[in-house]
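Report on the following structure.
Just so it is clear, the structure is predicted and the values come from calculations on it, not from any experiment.
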Amino acid sequence: MGPVAGKWDSPFCVAVSIVFSSGWPWACYAFMVGYFRPPKIESALLASLGLAIGVVTYYVFKDIDPTIPAGMEEATSVPAGVEPDSSGQGQILLWGAAAFVFGAPVGLMGNVARTPGVGGLLFRLVVPLTAFFEATQRLSVEAESEGAVFALTWNVTRVAACVAAVALIGHTVWSWRVRRGRAEVPADAAARVRRH
C-alpha cells in the first residue's frame, strides 16, 4: 500500500504512504502472524517468510514508477547504500534479509503474547511501543524537512500507539479482576456448604 498510495497527491494518500512505508506496520504484521499461529516454530517461520515476500512485493510496486512520493521531498543526506540511485535488487536483498532475520523473533513475541495476564502483556505492548518509538524518532529527525502531513501523520501515530497501549493494559487488568472474582466465588460457595 505504501508505494501505491504515494503516487497520488491527496493528503490522505500521502499519510497512508508514510504509514505503510514505515517500520512499525511490518513489525505488526510479523507479530500478528505469531499471535495467530499457535506452534512457535510455525509462527517464527511464517513471520520471516511473510516479511521477506512483503519486501519483494514492496519494491516491485515501488519500482513500477520510482518517483518521490507526493508530499515528500528528496532527502539531502541519505545513509550509504540507500541512495535513490541504488539498485532495487540491492534494496530487496538488504531489506529482505533484515525482514527474514527480524521476522522470526517478532513472530515469537507475538506467539508468547497469547499468554494471559501480565506475562503476555509485556509482549502485547511490543507493537504500540515500536510505533511510538519510531514516530518520535521520525518527528525529531525528519519533521522539519517533510512538511505538515508528515508531522500530522506521525503525531496521530503516537497518539494511537498510546491509546492502544492503555487499552491493552486496561484489558489485562480487567481480565485479571474477572479471573480473580471467579476464583473467589467457588471458595465462598464451598465455605457456605461446610457451614450447613
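No donor-acceptor pair closer than 3.5 Å links the side chain of Ser21 to the backbone N or O of Ile18. Panel note: side chain Arg124, backbone Thr115; a donor-acceptor pair is recorded below 3.5 Å. Of the possible donor and acceptor atoms, one in the side chain of Thr172 sits under 3.5 Å from a partner among the backbone N and O of Leu168. Between the Ser48 side chain and the Ala104 main chain, a donor and an acceptor come within less than 3.5 Å of each other.
For Leu122, the CG atom counts as densely surrounded, since its 6.0 Å shell holds more than 12 non-hydrogen atoms of other residues, nucleotides or ligands.
The shortest side-chain heavy-atom distance between Leu51 and Val55 does not fall under the 4.5 Å cut-off. Between Val19 and Trp24, some side-chain heavy-atom pair lies under the 4.5 Å cut-off. Annotation: side chain of Trp154 is in contact with side chain of Glu134 (closest heavy-atom distance under 4.5 Å). At a threshold of 4.5 Å between non-hydrogen side-chain atoms, the residues Tyr59 and Trp95 count as touching.
Under a 4.5 Å side-chain heavy-atom criterion applied to ILVMFWY residues, the cluster that includes Leu45 comprises Leu49, Phe100 as well.
Below 30°, between 30° and 60°, or above 60°: for Tyr35 and Phe31 the angle between ring planes is below 30°, a parallel geometry.
In terms of the side-chain contact (heavy atoms from CB on, under 4.5 Å) criterion, residue partners of Thr136 (sequence neighbours excluded) are, by chain and number, Phe132, Arg158.
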